[in-house]
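This is a predicted model, so every value here is computed, not measured. Numbering of residues begins at 1 and proceeds along the displayed sequence.
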Amino acid sequence: MNPSTVRTRFAPSPTGYLHIGGARTALFNWLYAKRNQGKFVLRIEDTDEERNTDEACDAIINGLKWLGLDWDEGPSHPQEKDEFYQSQRQEIYIDYLAKLKALDLVYDDEGATRFKVPKSDIIFTDQICGPQAINLSSTGSKAWDKERGVEVETNPDFIIRRPDGTFLFHFVNVIDDIEMNITHVLRGEDHLSNTPKHIALFNALGVTPPIFAHIPLILNTDGSKMSKRDAGSGIEWYKDHGFLSNALVNYIALLGWSPKDDREILKKKEIIELFDFDHLNKSNSKFDLEKAKWLNSQYISKLDDSDFIDSAKKHSGAASDKLILLTKPRINFLSEIPQVLAPVINESYPIDEKSMIKIRSNPQIENYMRALIDKFENLNEWTVHSIKETLHKYAKEIDQKLGSLMLPLRVCSTGVGQGTDLMPTLESIGKTATIQRIKNRLHIIFSNE
């Protein structure tokens with residue numbers, strides 16, 4: 001293999017769904033590989049038999065596919081475990097353990113195997129966090145002393161294999177990076193403390209470590225760390241709510257990366273062209289679900305009508321294409337379509353209280369609406385053009401601004417003060433149904449004063 005070829009990886013543990021933080025890690029590694037004409041590798045770290053599930057593995061793989069993060073090397077079918085699953089690589093780990101034994105760098109400790117940490121400093125430069133120098137032998141490890149209720153110093157030589165023969169994350173992670181020729185590791189800042197141990201293992205095996213870039217954490221708007229219980233923390237939430245995958249990729253990219261200008265809407269190709277370490281932020285990112293919704297609405301607005309209808313079908317029930325299109329400028333995500341269409345479809349949709357009060361405040365409204373009913377009944381054609389023309393003529397006739405008729409007409413026809421574009425909405429409702437709705441709601445509004 002060409003040693004100059006960039007090779008990145010995403011190595012999730014299938015213990016739960018694909019979290020927004022994991023998706024960002026995968027995306028950044030994918031982007032860096034694409035930016036440098038390299039390879040992006042997916043491997044599954046499934047050595048935790050008690051917590052790993054096939055369902056979680058499926059969710060991770062399907063989530064990556066939905067985001068469009070295709071891997072150059074990795075699992076082809078979730079249920080056909082191959083060399084990209086750590087559970088299938090035990091013989092490789094045993095061989096590397098034998099190499100460390102031959103170098104006298106490991107020893108037995110009550111059935112477990114410990115790696116002898118070096119006495120000198122582990123020095124490396126992280127592409128985001130800067131120069132690092134850690135002495136594992138002097139800083140040691142800490143453990144919780146239950147009897148004394150305090151943390152105490154423990155053996156700095158860390159365990160790489162448990163007494164039951166299973167290997168720990170630190171060891172298998174390094175071995176897989178060696179075997180898969182990984183050149184760059186982009187991962188969360190919470191892994192920075194693990195890196196000296198990993199570099200010690202690389203050095204012990206005589207392998208040049210990959211270049212590390214530890215990405216700052218993603219926090220909630222209040223500064224707290226995101227948890228699995230937070231809305232929008234899992235990729236499945238976005239799929240279920242009808243986000244466009246490209247919009248979510250765009251938003252996730254902005255959590256720790258910047259194009260260094262004021263742009264917020266960027267295609268994947270544009271992000272790839274700009275993606276590099278000097279565009280990565282050094283401070284924690286704030287996750288803002290409302291911003292993600294807004295960005296998604298911008299992507300929706302740019303869809304061709306036919307593409308929008310195709311995307312919306314799953315979320316719009318039995319609504320016609322014509323009705324679905326009415327919602328395009330009004331929604332942040334596709335699952336909002338039924339809510340937006342409810343006042344259009346339901347002739348008995350409850351009248352908004354604030355709008356009702358506003359209409360009642362003008363005693364002339366009832367007369368205006370009843371006069372409009374007469375004009376509507378005389379229309380031979382029920383089209384956007386004819387409805388709009390009738391409204392304009394009548395507003396001029398009574399010397400009123402068009403807006404003074406629009407609100408009561410909307411409320412009387414749909415029950416709400418805001419909604420889909422009114423003229424196409426009335427056309428979709430139909431002439432007879434629109435007139436009947438106006439009559440019914442006028443009765444409700446002005447008979448309950």
Legend entry - Separation between OG of S245 and CG of L64, rounded to the nearest 0.5 Å: 12.0 Å
Inset, instruction - Answer yes if the side chains of D157 and Y107 hold a donor-acceptor pair under 3.5 Å, and no otherwise. - result: yes
Inset, instruction - Mind checking side chain to side chain contact (heavy atoms under 4.5 Å, CB included) for P343 and listing every partner two or more places apart, or none if nothing turns up? - result: Y349, T414, V416
Legend entry - Identified side-chain contact (heavy atoms from CB on, under 4.5 Å) counterpart of I160 within the set L168, L100, V172, V174: L100
Legend entry - Modelled atom types, side-chain donor and acceptor of T420 and T425, under 3.5 Å: yes
Inset, instruction - Check F275, F28, F10, Y32 against H184 for a ring-ring contact (aromatic ring centres under 6.0 Å, His included) and give me the one that passes. - result: Y32
Legend entry - K34 side chain reached by D70 side chain, heavy atoms, under 4.5 Å: yes
Inset, instruction - With rounding to the nearest 0.5 Å, note down the distance linking CD1 in I175 to CG in L201. - result: 7.0 Å
Inset, instruction - Run the salt-bridge test on R330 and E336 with the 4.0 Å N-O cut-off and return the result as yes or no. - result: no
Inset, instruction - Establish, from distance only, whether the side-chain atoms of D276 and H279 form a donor-acceptor pair under 3.5 Å. - result: no
Legend entry - Heavy-atom check, side chain of L69 versus side chain of L27, under 4.5 Å: yes
Inset, instruction - Report yes or no: do S87 and D46 form a side-chain donor-acceptor pair below 3.5 Å? - result: yes
Legend entry - Heavy-atom side-chain contact between N281 and P216 under 4.5 Å: no
Legend entry - Side-chain heavy atoms of D82 within contact of Q88, under 4.5 Å: no
Legend entry - Within-4.5 Å side-chain heavy-atom neighbours: N203 and P209: yes
Inset, instruction - Calculate, to the nearest 0.5 Å, the distance between atoms OH and SG belonging to Y85 and C57 respectively. - result: 3.5 Å
Inset, instruction - With K268 as the cation and W30 as the aromatic partner, state whether NZ or CZ is under 6.0 Å from the six-membered ring centre and within 45° of the axis. - result: yes
Legend entry - side-chain contact (heavy atoms from CB on, under 4.5 Å), paired with D121, selected from L136, I134, N135: N135
Inset, instruction - Rounded to the nearest 0.5 Å, what's the gap from CZ on F287 to CD1 on I252? Could you check? - result: 8.5 Å
Inset, instruction - Please determine if D352 and K354 form a salt bridge, counting it only when a charged side-chain N lies under 4.0 Å from a carboxylate O. - result: no
Inset, instruction - On the 0 to 90° scale, with breaks at 30° and 60°, tag the Y238-F243 ring pair as parallel, tilted or perpendicular. - result: perpendicular
Inset, instruction - Tell me, please, which residues at least two apart from A319 pass side chain to side chain contact (heavy atoms under 4.5 Å, CB included). - result: S316, L323, I324, L341
Inset, instruction - May I ask you to establish whether K99 and Y96 are in a cation-pi arrangement, using a distance under 6.0 Å from NZ or CZ to the six-membered ring centre and at most 45° from the ring axis? - result: yes
Legend entry - R9: which of N181, T183, N173 passes side chain to side chain donor-acceptor pair (under 3.5 Å): N173
Inset, instruction - Would you tell me whether D176 and Q86 have side-chain atoms, one donor and one acceptor, within less than 3.5 Å of each other? - result: yes
Legend entry - Residues in salt bridge (charged side-chain N to carboxylate O under 4.0 Å, His left out) contact with D109, at least two apart in sequence or another chain: R114
Inset, instruction - Decide, yes or no, whether a salt bridge links E83 with R43 under the criterion of side-chain N to carboxylate O below 4.0 Å. - result: no
